[in-house]
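Everything on this sheet refers to the single structure shown next.
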Amino acid sequence: MTLSPARPVRPASVTDTFLQQLVARVPGSRGSWPLTEVYTGDVLVGLPQSSPADISAAFEAARAAQVSWAALPVRQRLAVFKRAHALFVGRARTVADLIQVESGKNRRMAIEETCDPPMVMSHYLRRAPRLLAPRRRGGPVPVVSSSTEIRVPKGVVGIIAPWNFPFATGISDAIPALMAGNAVVLKPDNKTALSPLYGVQLLEEAGLPRGLFQVVCGEGPDVGPALIDASDYVMFTGSTATGKVIGERAGRNLIGCCLELGGKNPMIVLPDADLTAAVSGAIFGAFGNTGQICMHIERIYLPESRYDAFKDAFVAKAAALDVRASYDFGPEMGSLVSVDHLRRVQSHVDDAVARGATVLCGGQARPDLGPAFFEPTILEGVTKDMLCGVTETFGPVVALHRYRTVDEAVALANDTDYGLNASVWGRDLRAASAVAARLETGNVNVNDSLATTYAAKGTPSGGVKASGVGARHGDQGLLKYTDVQNLAVLKKQVMSPRLGQEYGKYVEGMLTGLRLMRRFRIR
Ligand code: NAD
């Protein structure tokens, strides 16, 4: 029997007028796209769709605004973000309302997402003055020469963002680009354009010059080529398959790109792990954001001796999760983003079952809760001939595996094309960290599933293998949006023979100079 879902009361802030005003900034001579409320399937607003001509005009306006923005002293640019930080924190509830209506995630996760841009702002407000200041490096010959490293903005940065964290990826990745003196043209996913549009509005309220941050919308393959061709650098977050298309095009245009892609992230529970903590960590790691976190856990490796105890506690906790459509803080898990995505998740589970896997809990869609709800699902007996054994499911589906030795667990965890995130649990932190160091991933969390690495804004975070190229956060998360100009000054010409000097004598002098510089550690 299919029950009709209980209709949650939409947040009061999400009015037609507000939504119309948000989408009004999107240039759209290609008609509109019906953006829906995930919990109900109701159309919220028609999202304008941008044509290549619209995209070209957006870049022209961004380029014009960038010139005077880049000419401002860094401190003046940063002042905008000091004001924006307060605004973003003050309006977090409205941002969460928008994130929830467009993505269907639960409120707890939506409010956590609102914290990401302020965290990124705080970090780079501290670091940017030093990172962007000219650095005297010294020239090849002491005293008479100097060389200075000057950071020059790329120009206009194209950002292509996914739907799973639309506000965090759309806005947080733009912040260091803007601080460095660039303009930005953002293409969010059609499904989740509202929260990033509001983010741009808040930045402008804080004083960001109008025109500097443009938003264009459309299906990826329609608008992607025009956007990449007009960009000076591309920041992409999304699937590995799309990342390869973006990287190829950026390469052809000889522009840089950062690709933050998918994962098939493992968690290893070591024999000495605190099982209660590991089970809680696995619940968040597997089912947080309804399993739609690039760094979320899809494979759990357990020692034979603790397999049954972990399984019993994990299944009991997963089955008891409060899964519902609601705009309050009650539910522990929300909806998948769309019915299309639900079909993908269901197909992974059905394929696994057809090939011999066992469902320990969940495994079904829940149309009684909303059009795209899926149960927290735990599988056992997943093998590499199954879809979910090798490719990213990106839903609330996780598989349990046994291991006999730690070496075997490491080998199994590394047996994947991906390398985004991993998690290791153990009471002996040194031993757990040693295991972590053997994992082929860009991020690895000890005694946490994913949040600690992502929230550490001072350290670069990116994927290796098929999970990406480059990183966000850390110094390179800002410096990647700049080119380096090496400005060298020679006060006196000493790097060629003096007039009439025999070349052999000049060479002798040069070699002596090299020896002295090494001896006195000059350069
Ligand atoms: P996706 O690759 O389908 O789409 C991502 C974005 O790219 C969307 O805006 C989409 O419209 C656009 N796009 C699609 N095809 C394009 C094309 N040919 N040219 C230009 N743009 C194009 O990914 P998705 O399904 O929206 O997002 C989920 C994926 O993102 C998962 O694989 C997840 O792991 C990954 N992800 C990675 C990170 C990370 O930091 N590594 C973070 C979030 C999500």
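One-based numbering, in listed order, for ligands and for the atoms of each.
Using a 30° and 60° split on the angle between ring planes, Tyr454 and His473 fall in the perpendicular class, above 60°. Phe287 and Phe314 have parallel rings, their planes meeting at less than 30° on a 0 to 90° scale where 60° marks the start of perpendicular.
If you check the side chains of Gln20 and Asp16, you find no donor sitting under 3.5 Å from an acceptor.
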side-chain hydrogen bond (donor to acceptor under 3.5 Å, both in side chains) between Tyr198 and Arg91: does it pass, once the steps are laid out? CA-CA 10 Å; Tyr198 188 50; Arg91 307 276 179 83; 3.3 Å; yes
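Other residues, nucleotides and ligands contribute over 12 non-hydrogen atoms within 6.0 Å of the CD atom of Glu205.
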What short N/O contacts, under 3.5 Å, does ligand 1 make with the protein, listed by atom pair and distance?
from: ligand 1; atom 1: 2 (O); to: Ser239; atom 2: N; distance (Å): 2.9
from: ligand 1; atom 1: 2 (O); to: Ser239; atom 2: OG; distance (Å): 2.7
from: ligand 1; atom 1: 2 (O); to: Thr242; atom 2: OG1; distance (Å): 2.7
from: ligand 1; atom 1: 9 (O); to: Ala161; atom 2: O; distance (Å): 2.7
from: ligand 1; atom 1: 9 (O); to: Lys187; atom 2: NZ; distance (Å): 3.1
from: ligand 1; atom 1: 11 (O); to: Lys187; atom 2: NZ; distance (Å): 3.0
from: ligand 1; atom 1: 11 (O); to: Gly220; atom 2: N; distance (Å): 3.4
from: ligand 1; atom 1: 19 (N); to: Gly220; atom 2: O; distance (Å): 3.4
from: ligand 1; atom 1: 23 (O); to: Ser239; atom 2: N; distance (Å): 3.3
from: ligand 1; atom 1: 25 (O); to: Trp163; atom 2: NE1; distance (Å): 3.3
from: ligand 1; atom 1: 26 (O); to: Trp163; atom 2: NE1; distance (Å): 3.0
from: ligand 1; atom 1: 30 (O); to: Gly238; atom 2: O; distance (Å): 3.3
from: ligand 1; atom 1: 32 (O); to: Glu392; atom 2: OE1; distance (Å): 2.6
from: ligand 1; atom 1: 34 (O); to: Glu392; atom 2: OE2; distance (Å): 2.6
from: ligand 1; atom 1: 40 (O); to: Arg472; atom 2: NH1; distance (Å): 2.8
from: ligand 1; atom 1: 41 (N); to: Leu261; atom 2: N; distance (Å): 3.2
from: ligand 1; atom 1: 41 (N); to: Leu261; atom 2: O; distance (Å): 2.7

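Geometrically, Lys105 engages Phe165 in a cation-pi contact defined by less than 6.0 Å to the ring centre and at most 45° from the axis.
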